[in-house]
Every structure is written in structure tokens, then in C-alpha cells.
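Working notes, structure below.
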Protein chains: 2
Amino acid sequence: MKWQQQKSLETQQKLLSAALACLERDGFHNFRLDRVASEANVSKGALTHHFSNKDDLLAHAIEKVLAEFVGVLAHSVDEVHAGRLTLDGFLDLMWLHMSDQLYMVTLEIALKARHEPSFKTLLTPQVQNFHERIDAIWQQLFPRLPAERATHLMNLSMNLLRGMGTQSVFRKDAQYFNDLLNEWKAILKQQVAS
Amino acid sequence: MKWQQQKSLETQQKLLSAALACLERDGFHNFRLDRVASEANVSKGALTHHFSNKDDLLAHAIEKVLAEFVGVLAHSVDEVHAGRLTLDGFLDLMWLHMSDQLYMVTLEIALKARHEPSFKTLLTPQVQNFHERIDAIWQQLFPRLPAERATHLMNLSMNLLRGMGTQSVFRKDAQYFNDLLNEWKAILKQQVAS
DNA sequence: AAAAACAAACCGTCAAGTCGGTTTTATTTT
DNA sequence: AAAATAAAACCGACTTGACGGTTTGTTTTT
């Protein structure tokens with residue numbers, strides 16, 4: 001690969017990482033392009049060179065986050081099948097990511113999309129693709145279950161974790177969330193068994 | 001009550017309603033004080049007279065929303081005990097409100113609070129109080145269950161609905177959410193029975 | 001030489017908060 | 001009861017700072 005291309009990709013990645021860090025730290029409402037640039041140690045001019053505007057930068061950043069999450073889950077389901085990870089462990093992992101910056105970033109973006117049709121249009125295909133891939137992963141997780149049932153359990157789980165992520169803004173209590181998660185694990189196992 | 005006092009309260013309520021409508025329509029990121037004022041048919045000066053700043057207005061608006069939701073639930077649990085409302089109906093009602101503007105408003109606020117400590121401090125007591133009251137309501141809903149178990153089921157339900165509310169930004173599919181809710185109702189009944 | 005990568009100054013817009021002023025209502029004085 | 005005074009409600013122009021996007025300029029690669 002040519003040097004220029006290489007360099008270009010590098011700064012793009014630096015910018016995306018910086019954007020995610022800013023989004024996590026400042027929230028979308030206080031997300032500033034110049035802060036992203038300085039966080040990535042490049043100039044604002046460089047940023048505009050690589051991303052045509054704020055929305056463009058955000059869309060690419062969210063793409064990165066979702067892809068990473070899918071990657072982790074895809075890997076984890078293999079670990080489950082290999083017997084190196086339990087179902088509980090799998091859920092712990094999901095919660096880890098959901099309570100993490102990744103989730104908060106997606107939440108910020110969801111709210112933006114809600115009020116800006118153009119941005120929503122930009123993101124909808126990505127989000128759909130994301131859910132399809134998560135769906136496929138859960139089908140793998142419960143190969144014995146009817147596909148539809150696995151989908152339902154996945155959606156219940158995802159939404160529960162989403163809600164917990166939201167609640168964690170106001171309630172900083174790891175024990176509480178752990179209890180809740182355990183409760184859900186038990187229910188889930190019950191549902192899978194029957 | 002004196003006319004001034006009366007008038008004052010009226011415009012305050014008009015402003016709070018307008019603020020909520022704006023928050024729902026535009027989102028927090030596009031929430032503008034002058035729009036609130038014009039929506040309430042008062043001048044910007046009047047707004048600043050009654051609320052010292054943006055945060056103050058928002059905090060009072062969220063207080064109103066939470067109080068209304070608690071009021072509805074408190075009333076509904078009475079209806080359940082009187083046999084005029086089923087558990088399914090109760091959950092439908094919760095979902096109705098959660099998928100409604102009320103939830104979106106709280107979500108917007110939660111994200112703001114996440115990144116602004118002072119605002120979070122302002123709201124934390126309100127949110128705690130809110131949860132305590134919801135908790136008490138669910139204790140009434142399942143008087144036979146151990147208190148802690150009722151609390152767990154409430155929190156699972158609330159968080160599930162929260163997550164569903166979030167997902168509904170990107171997925172406009174009433175049937176899907178209805179299915180999901182039915183699945184949860186079945187699980188919940190199973191849990192209460194055992 | 002041409003194009004890409006990057007830098008930095010610049011500009012237009014926009015909204016939050018301020019502030020001097022006006023009108024309406026309440027209280028006190030005569 | 002009328003006049004005087006105080007206080008609250010309300011108005012809207014203005015200031016101020018901020019930020020996204022543009023533009024112009026410089027360096028490096030091909």
C-alpha cells in the first residue's frame with residue numbers, strides 16, 4: 001500500500017477513535033469538531049478533509065462501534081459452543097458492553113436520529129444490518145430452539161440490557177445491576193429449557 | 001388566591017407544557033428557549049422571569065412528567081385490585097406511556113444528566129423518589145410476593161420497556177413490540193405463579 | 001507538475017442570558 | 001376612597017460567546 005493511502009487510513013482511524021472518546025466523554029450535545037481534532041492530534045482542516053461534515057464523521061464512528069460489538073459476540077458464541085464460555089458468561093459479556101461507552105454512544109445517536117430524518121436515513125441500514133447479525137448470532141446460540149423463539153429471547157435480552165444501561169446513568173450500583181442480570185439469566189435458562 | 005399568583009401559576013404551567021412539547025418534537029439538542037416561549041404564547045422575558053435558566057425549566061418539566069406517570073400507575077393498580085384492569089392491561093398501559101413522549105423526554109434528560117454533573121445533582125433526588133414510588137406501586141400489585149421479588153420484577157419490566165422505547169426510534173413496527181410485550185407478560189405471569 | 005494531506009485563519013449564524021423599560025396588580029398612606 | 005408607592009409580571013432589543021463550515025495557504029507524495 002502506498003504511503004499516502006496508509007497515512008490517510010491512519011488519521012481516519014485516529015479521528016474515529018477520538019470522535020468516540022469525545023462522544024462518550026462529552027455526550028452528543030457537547031460534541032465539538034475541534035475537540036475531536038485536537039484529541040486526535042490533527043488539525044481541524046485535516047478532519048474536514050477526511051469527513052465532509054459532522055454527521056458524516058458520526059455515521060462512520062457509529063459504524064465502527066457496532067461492528068466491534070458484533071465481532072465480540074460472534075467470537076463469544078463460538079466460545080460457548082467450544083465449551084469455553086457459559087451462557088451466563090455470554091450475558092455478562094453483553095452487559096459489559098452495554099453498560100460501557102459503546103452503548104451510550106449508540107443511545108446518543110439514536111436520539112439524534114429520532115429528531116433528524118436525514119441522519120436517521122443515513123443510519124437505518126446500518127442499524128438494520130446490526131440487528132440482523134445479532135439475530136443470526138442468537139440463532140447459533142440456541143440451535144435447538146425455533147428460530148422465532150430465539151429471536152424473541154434475543155430481543156428481550158437486548159432491550160433489557162438497553163434499559164439497564166439507561167438506568168445506570170442515575171443509579172451507580174453494580175450490585176443492583178448484577179442482581180438484575182442474575183434474575184434474567186435464571187429466567188432465560190428456564191425459557192430455553194421448556 | 002390572588003390574581004397575580006393565579007396568573008403566575010398559569011403561565012408557568014403553560015411554559016412547562018410547551019417545554020415538554022418542544023422536547024418531544026425537537027429533542028433536547030434542538031431545544032430552544034424562544035421556541036418554548038412562542039409555543040406557550042408568552043414572551044421570552046416572561047420565561048426568564050419564571051425560570052432562571054434552561055436547566056431550571058427542564059428540571060421542572062421533568063418533574064411534571066414523572067409525577068404524571070406515577071399518578072397514572074397509582075390509579076391503575078387500584079383498578080387492578082378492583083378487578084377492572086388485568087395485569088396484561090396494566091403492562092399495556094406502562095408500555096403505552098413508555099413508548100410515548102414521556103419516556104423520550106426522560107431519555108433525553110438522562111443523557112444530558114450523564115454529561116453534566118450539576119444537572120445530574122439537580123435531578124437525582126427526583127429520579128430516586130420516582131423509583132421509590134414505582135417500587136411501592138409494584139409491591140401493591142403483587143402483595144403476596146416477597147417485597148424484594150416484586151422489586152426485581154418491576155425493575156426488569158421497567159428496563160425492558162425502557163429498552164423497547166429506545167429501539168422504537170429505529171424500528172417502527174407496532175406488531176413486533178406487541179409480540180415482545182406478550183412474551184414478557186407470559187414470562188411475568190409464570191414468575192408470579194411460581 | 002499535479003494531487004493529496006494537512007494547517008490555520010476567517011466568517012456567518014445562532015441562541016442563551018442580560019438588562020432597561022412598561023404594564024398590571026397589590027399595599028400603604030392620607 | 002383616592003392617591004402614592006411598591007412589587008410583581010412581562011416585554012424585546014442587545015451583547016456575547018461559540019461553533020460549523022469555508023477558504024486559502026503550505027508541505028509532502030506520486
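Every chain is numbered from 1, with letters handed out A, B, ... down the list of sequences. Side chains are part of it too, since the values below use all heavy atoms of this structure and drop only hydrogens, waters and symmetry mates.
Side chains of A:E39 and A:S17: a donor-acceptor N/O pair is absent below 3.5 angstrom, by distance only.
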Worksheet item: Run the side chain to side chain contact (heavy atoms under 4.5 Å, CB included) check on A:F31 and A:V36 step by step: do they pass?
Response: CA-CA 8 Å; A:F31 181 78; A:V36 173; 3.6 Å; yes
Fill in: Steps toward salt bridge (Lys or Arg N to Asp or Glu O under 4.0 Å) verdict (B:D88, B:K189)
CA-CA 9 Å; B:D88 281 7; B:K189 270 181 246 173; 3.2 Å; yes
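Closest approach of A:L93 to A:S76, counting heavy atoms only: CD1-OG, 3.7 Å.
Within the 4.5 Å cutoff, side-chain heavy atoms of B:L73 are placed close to those of B:F90.
The aromatic rings of B:H29 and A:H29 sit perpendicular, their planes meeting at an angle over 60°, well past the 30° parallel limit.
Not counting sequence neighbours, the partners of B:F51 by the ring-ring contact (aromatic ring centres under 6.0 Å, His included) test are B:H60.
Proximity of A:T11 to the phosphate of C:dC6: a side-chain N or O atom is located under 4.0 Å from OP1 or OP2.
A heavy atom lying under 4.0 Å from DNA chain C marks none of the residues of residues 12-34 of chain A. Of the residues in residues 36-63 of chain B, B:V42, B:S43, B:G45, B:A46, B:H49, B:H50 come within less than 4.0 Å of DNA chain D through at least one heavy atom, sorted by number.
As rounded to whole Å, 12 Å separates atom C1' of D:dA8 from atom NZ of B:K7.
A distance of 9.5 Å separates CG in A:L181 from CG in B:L156, rounded to the nearest 0.5 Å.
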